[in-house]
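First comes the structure, then the notes that go with it.
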Amino acid sequence: MEVGIDSFAGLREGENDGSKAINELIDRIQFADQMGLHTFGIGEHHRKEFLDSSPFNILSAAAAKTKNIKLTSAVTVLSASDPVRTFQSLATLDLISNGRAEMVAGRGSFSEAFPLFGFDFKDYDDLFIEKLNLLLDIRENEFVNWSGKFRPAINNLPIYPRPIQNPVPIWLGVGGTPQSFARAGAMGLPLMVAIIGGNTHRFRPLINIYRQAGKEAGHSPEKLTVGLHSLGYVANSMEEAIDLYYEGYAKMFTKIGKERGWGPVTRDQFDHLTGPLGAIVLGDPDQVAKKILRHSEALGGISRFQFQMDIADITHENLLKSIELIGNEVIPRLNNVK
């Protein structure tokens, strides 16, 4: 199993120095590479508290300072992006990193990108489907002939640069709709499932839909890989992990919940989420490794696990300590499972 980290390049509460925050993030990516983590992903948001509006720029800066770690978007908000420019950014990252670039294409969980780039949120689904098809067409063909509803036609034009990897990996990021899981399976795309609440095992029927749709479309089981993106943090003990994680997590999700009409986060809710079946992967290395394996078994097997750590207002120094524990203790425990 590959293990990595996803980041939203968040500013900690009261922090105003974006330059410092971005450069510390790049330092963490470099350190994750040194510690043997397999992947590092940067999300995409267009909000004041996050600095990841241009994830491929951050990843390209990290590519020049790393050697082995795979670098991926997590996710690219494809519905509000131009697939041509997105592919060019992905291909350029692949060249800079010498073949370590990936992307997760998704629709995003916030709406800010749509009015910002001149799109109507009511076209949420249609935009994504059309742009995903164009992106995959560009990946397969140097010269592209294409026409659609939301973008001017492309008439037998070449799109450069081309990436080193052929094909460069494109995952489909999904939340909780059966249609998204079925679409990924029918297209034969690897699936990245974002589970940030509730019980992880409840997603098993949706992953079964993905695998069945892939099988019916003629894709091999080896092609239908599943990754899991979950909130989490590794510390020396569960008590330490909770002390460092809970306050920032509660503030962030209470704020998001207020925007969406949810109630404030409670400690009881948090304790359920960090319990045996809950979605948050928190604790000491042994507890974390066992929970990742339980999640994998509950979902019928996953090939990649991505920690979302920095949403909880944890300091750079403590994030580095967690990365070290993941590399030195969590990954070896997962590798030693027979």
Side-chain angles (χ1 to χ4, degrees), residues 3-77 89 92-93 96-97 100-101 103-104 108-110 112-113 116 196 229 231-236 240-256 259 282 306-328:
V3 179
I5 292 171
D6 288 335
S7 172
F8 294 166
L11 281 170
R12 298 181 65 240
E13 187 175 14
E15 186 177 17
N16 296 307
D17 189 344
S19 175
K20 178 183 177 184
I22 284 283
N23 282 284
E24 285 181 343
L25 172 58
I26 293 170
D27 287 345
R28 292 197 295 275
I29 301 174
Q30 186 176 13
F31 188 63
D33 183 43
Q34 295 168 358
M35 289 294 103
L37 275 68
H38 304 100
T39 56
F40 208 109
I42 302 295
E44 180 188 342
H45 299 83
H46 301 272
R47 300 168 62 92
K48 184 177 181 179
E49 63 266 35
F50 300 128
L51 300 173
D52 60 349
S53 63
S54 186
F56 287 111
N57 282 352
I58 299 173
L59 293 168
S60 292
K65 295 188 173 185
T66 55
K67 296 180 179 179
N68 299 306
I69 197 166
K70 296 177 183 178
L71 302 167
T72 180
S73 68
V75 302
T76 295
V77 184
S89 296
T92 301
L93 173 62
I96 295 170
S97 66
R100 292 183 283 126
M103 72 172 286
V104 179
S109 59
F110 293 92
E112 291 88 356
L116 184 63
I196 61 172
H229 162 107
L231 301 172
Y233 182 75
V234 187
N236 292 307
E240 180 184 18
I242 291 172
D243 286 344
L244 292 172
Y245 197 88
Y246 174 68
E247 185 177 354
Y249 164 84
K251 286 180 180 177
M252 174 63 72
F253 278 89
T254 295
K255 178 181 178 182
I256 294 172
E259 296 174 6
L282 198 75
Q306 296 288 110
F307 286 92
Q308 173 61 56
M309 297 198 304
D310 62 2
I311 202 166
D313 207 30
I314 299 172
T315 66
H316 172 62
E317 290 73 22
N318 281 324
L319 290 170
L320 290 175
K321 291 177 183 177
S322 190
I323 290 170
E324 185 172 11
L325 288 171
I326 292 169
N328 287 342

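Because the structure is predicted, anything quoted here is derived from the model rather than measured.
Note that the CD1 atom of Ile323 and the CD atom of Gln30 stand 11.5 Å from one another [nearest 0.5 Å]. Atom-to-atom distance recorded for Ser322:OG and Asn236:CG is 9.5 Å, nearest 0.5 angstrom. Expressed to the nearest 0.5 Å, how far CD1 of Ile196 lies from CD of Gln308 amounts to 9.0 Å. The CZ atom of Phe31 sits 11.0 Å away from the NZ atom of Lys321 when rounded to the nearest 0.5 Å. Atom OG1 in Thr72 sits 8.5 Å away from atom CG in Leu93 (nearest 0.5 Å). To the nearest 0.5 Å, the span separating CD1 on Ile5 from CD1 on Ile69 amounts to 7.5 Å.
Here the shortest heavy-atom pairing between Ala21 and Leu51 reads CB-CD1, 3.8 Å. Here the closest heavy-atom approach between residue Gly43 and residue Pro55 is recorded as O-CB, 3.3 Å. Residue Ala241 comes nearest to Leu282 through the heavy atom pair CB-CG, 3.7 Å, listed as atom of the first residue, atom of the second, then distance. Across all their heavy atoms, Asp310 and Ala9 have their closest contact at OD2-N, 3.8 Å. Across all non-hydrogen atoms, the minimal contact from Ser53 to Glu44 is O-CG, 4.0 Å. Pairing each heavy atom of Met309 with each of Gly232, the nearest pair is CG-O, 3.1 Å.
Taking the six-membered ring where the residue is Trp, Tyr245 and Tyr249 present parallel rings, their angle staying beneath 30° rather than reaching 60°.
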>> Would Leu59 and Phe40 count as a side chain to side chain contact (heavy atoms under 4.5 Å, CB included) here? Give the steps.
In response: CA-CA 9 Å; Leu59 293 168; Phe40 208 109; 5.6 Å; no
>> For a side chain to side chain contact (heavy atoms under 4.5 Å, CB included) check, start with the C-alpha distance between Leu25 and Ile42, then their side-chain angles and the critical distance, and finish with the verdict.
In response: CA-CA 10 Å; Leu25 172 58; Ile42 302 295; 3.8 Å; yes
>> Walk me through whether Asp6 and Val104 qualify under side chain to side chain contact (heavy atoms under 4.5 Å, CB included).
In response: CA-CA 11 Å; Asp6 288 335; Val104 179; over 6 Å; no
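With contacts defined as side-chain heavy-atom distances shorter than 4.5 Å, the pair Glu24/Leu319 does not qualify. No side-chain heavy atom of Lys20 sits under 4.5 Å from any side-chain heavy atom of His316. Looking at heavy atoms from C-beta onward, Met252 lies out of side-chain contact with Leu231 at the 4.5 angstrom threshold.
A salt bridge links Arg47 with Glu259; the closest basic N to acidic carboxylate O contact falls under 4.0 Å.
Looking at residues two or more places apart in sequence or on another chain, you find a ring-ring contact (aromatic ring centres under 6.0 Å, His included) between Phe8 and His45, Phe50. Every residue was checked against the side chain to side chain donor-acceptor pair (under 3.5 Å) condition with Glu324, not counting sequence neighbours, and none meets it. Shown here are the side chain to side chain donor-acceptor pair (under 3.5 Å) partners of Thr39, two or more places apart in sequence or in another chain: Gln306.
Side chains of Thr66 and Arg100: a donor on one and an acceptor on the other come within 3.5 Å.
Within 6.0 Å of CD on Glu15 lie more than 12 heavy atoms contributed by other residues, nucleotides or ligands.
A donor-acceptor pair under 3.5 Å is absent between the side-chain atoms of His38 and the main chain of Gly4, judged by distance alone.
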